[in-house]
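Accompanying notes for the structure given below.
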Amino acid sequence: MGPLIIFLIIAGIAILYVLLGFKIIPQSETKVIERLGRYDRTLSSGINIIWPILDKARKVSVRQSFTSRLGKNITVLKESDVIDLREQVYDFPEQNVITKDNVTTRINALLYFQIVDPVKSVYEIDNLPNAIEKLTQTTLRNVIGELELDETLTSRDTINSKLRAVLDDATNKWGVKVNRVELQDITPPDSVRNAMEQQMQAERERRALILKSEGEKQATILKSEGDKRSLINESEADKESKVLQAQGEAEAKILQAEAEARAKVLQAEAEAEAIRKITEAINGTKSNPATYMLAVKYIDSLKEMVSGKDNKTVYIPYEATSVLSSIGGIKDLLNSK
């Protein structure tokens with residue numbers, strides 16, 4: 001029985017030794033194995049075999065966050081032999097920084113990073129989470145110290161880019177890749193916030209007054225332009241009215257002149273017709289129609305000369321005999337009729 005018991009004990013120890021040598025590593029995790037205190041290898045995801053007692057996983061400091069019963073977020077550091085290769089986020093507590101214009105401001109930052117070289121993260125730096133936190137805080141103070149408060153409040157993207165570039169360069173030798181940095185909260189002092197609110201209110205009032213004055217100015221300009229346009233329209237209307245009136249008067253005068261000319265033409269045609277008939281009548285007595293017309297004009301002239309009360313003198317032309325003979329001819333013509 002003694003040898004059998006010894007065999008069973010040895011077999012149990014061997015099985016236990018083999019079981020302790022099997023290590024199953026989840027995806028995106030790893031372990032750094034040391035053999036007799038020296039770095040041996042880095043375990044990959046899946047099944048790995050180590051030598052118990054000789055091989056040992058190196059423990060590192062990790063941050064662990066949880067929520068207490070009172071609803072507060074608590075972050076603690078603990079020792080673990082598992083290295084997480086996924087992207088991690090550190091929410092650092094608020095810290096006081098001083099801007100270029102000597103304003104103390106509280107800033108809360110978020111840091112997103114990933115371990116790309118587990119060996120460097122273990123052997124190049126002690127307590128990696130604490131080192132990243134302190135490096136972020138000091139870098140943030142340096143970056144904010146170069147900016148004034150207004151620039152700090154309005155240039156978050158610029159600050160994030162500067163922080164990421166500096167932290168990524170500094171943590172490169174630690175086997176860490178800083179992906180991005182975000183400023184979560186920027187809280188100026190209460191006195192500064194009150195002054196900023198008053199300034200913003202004054203700025204809003206100033207803009208309101210400017211908009212009001214510009215509106216009144218624009219309204220005055222539009223009113224003057226409207227009055228100007230109205231005067232122009234009235235003057236153009238008067239001008240067109242006068243032009244139309246002048247055109248109407250001109251057309252009326254033209255029509256009147258055409259009527260008078262037509263009347264004269266008709267009168268002349270009537271006289272010409274009368275002369276033609278007289279000529280036809282005189283042709284039978286061998287009389288000259290011109291003599292007849294001259295005699296008629298002469299008689300009309302004598303009638304006008306003796307029509308007045310004081311006209312006692314009668315003027316007879318030098319060639320009156322020929323005229324009288326014409327009158328005689330008219331008398332013979334009438335007697336023949």
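Since we're looking at a predicted model, the values are computed, not measured.
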(Q) Show every side-chain hydrogen bond (donor to acceptor under 3.5 Å, both in side chains) that has at least one partner inside residues 118-127, sequence neighbours left out. (A)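 Matches after skipping sequence neighbours: E34-Y123.
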
Can you tell me how far the [atom1] atom of [X] sits from the [atom2] atom of [Y], to the nearest 0.5 Å?
X: I83; Y: E29; atom1: CD1; atom2: CD; result: 10.0 Å
X: L222; Y: D227; atom1: CG; atom2: CG; result: 11.0 Å
X: E94; Y: D91; atom1: CD; atom2: CG; result: 10.0 Å
X: I98; Y: R141; atom1: CD1; atom2: CZ; result: 9.0 Å
X: E79; Y: S61; atom1: CD; atom2: OG; result: 4.0 Å
X: L167; Y: Y112; atom1: CG; atom2: OH; result: 14.5 Å

For a 4.5 angstrom cut-off between non-hydrogen side-chain atoms, does [X] reach [Y]?
X: K177; Y: N179; result: yes
X: T158; Y: L147; result: no
X: E151; Y: T99; result: no

Under a single-linkage definition using a 4.5 Å side-chain heavy-atom cutoff for Ile, Leu, Val, Met, Phe, Trp and Tyr, are [X] and [Y] assigned to the same hydrophobic cluster?
X: W174; Y: V62; answer: yes
X: L163; Y: L149; answer: yes
X: V178; Y: I144; answer: yes
X: L140; Y: L110; answer: no
X: Y39; Y: V60; answer: yes

Q.
For E260, is there an ion pair with K264 - N to carboxylate O distance below 4.0 angstrom?
A.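 Judged by the 4.0 Å cut-off on N to carboxylate O distance, K264 and E260 do not form a salt bridge.
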
(Q) For K228, is there an ion pair with E225 - N to carboxylate O distance below 4.0 angstrom? (A)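 Answer for the salt bridge query: no.
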
Exceeds 12 heavy-atom contacts within 6.0 angstrom, atom [atom1] of [X]:
X: I24; atom1: CD1; value: no
X: L54; atom1: CG; value: yes
X: Q27; atom1: CD; value: no

For [X] and [Y], indicate whether the former's side chain and the latter's backbone hold a donor-acceptor pair under 3.5 Å.
X: T30; Y: L43; value: yes
X: D169; Y: A165; value: no
X: N48; Y: G46; value: yes
X: N160; Y: L183; value: yes
X: Q114; Y: L85; value: yes
X: N142; Y: T138; value: yes

Q) Applying the salt bridge (charged side-chain N to carboxylate O under 4.0 Å, His left out) test to D81, which of K31, K59, K56 qualifies? A)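 Result for salt bridge (charged side-chain N to carboxylate O under 4.0 Å, His left out) with D81: K31.
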
(Q) For R156 versus I186, what's the shortest heavy-atom pair and its separation? (A)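 Of all heavy-atom pairs spanning R156 and I186, the closest is NE-CD1, 3.6 Å.
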
Q.
If you compare all heavy atoms of S45 against all heavy atoms of P26, which two are closest, and at what distance to 0.1 Å?
A.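 Of all heavy-atom pairs spanning S45 and P26, the closest is CB-O, 3.6 Å.
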
Q: Given side-chain contact (heavy atoms from CB on, under 4.5 Å), test V89 with E87 step by step and report yes or no.
A: CA-CA 7 Å; V89 56; E87 185 176 11; over 6 Å; no

Q. Does the salt bridge (charged side-chain N to carboxylate O under 4.0 Å, His left out) test come out yes or no for R63 and E133, once each step is laid out?
A. CA-CA 11 Å; R63 290 169 61 101; E133 179 180 356; 3.2 Å; yes

What side-chain donor-acceptor pairs closer than 3.5 Å can you find for residues 235-253, not counting sequence neighbours?
{"unit_1": "S235", "atom_1": "OG", "unit_2": "L231", "atom_2": "O", "d": "3.2"}
{"unit_1": "S235", "atom_1": "OG", "unit_2": "I232", "atom_2": "O", "d": "2.7"}

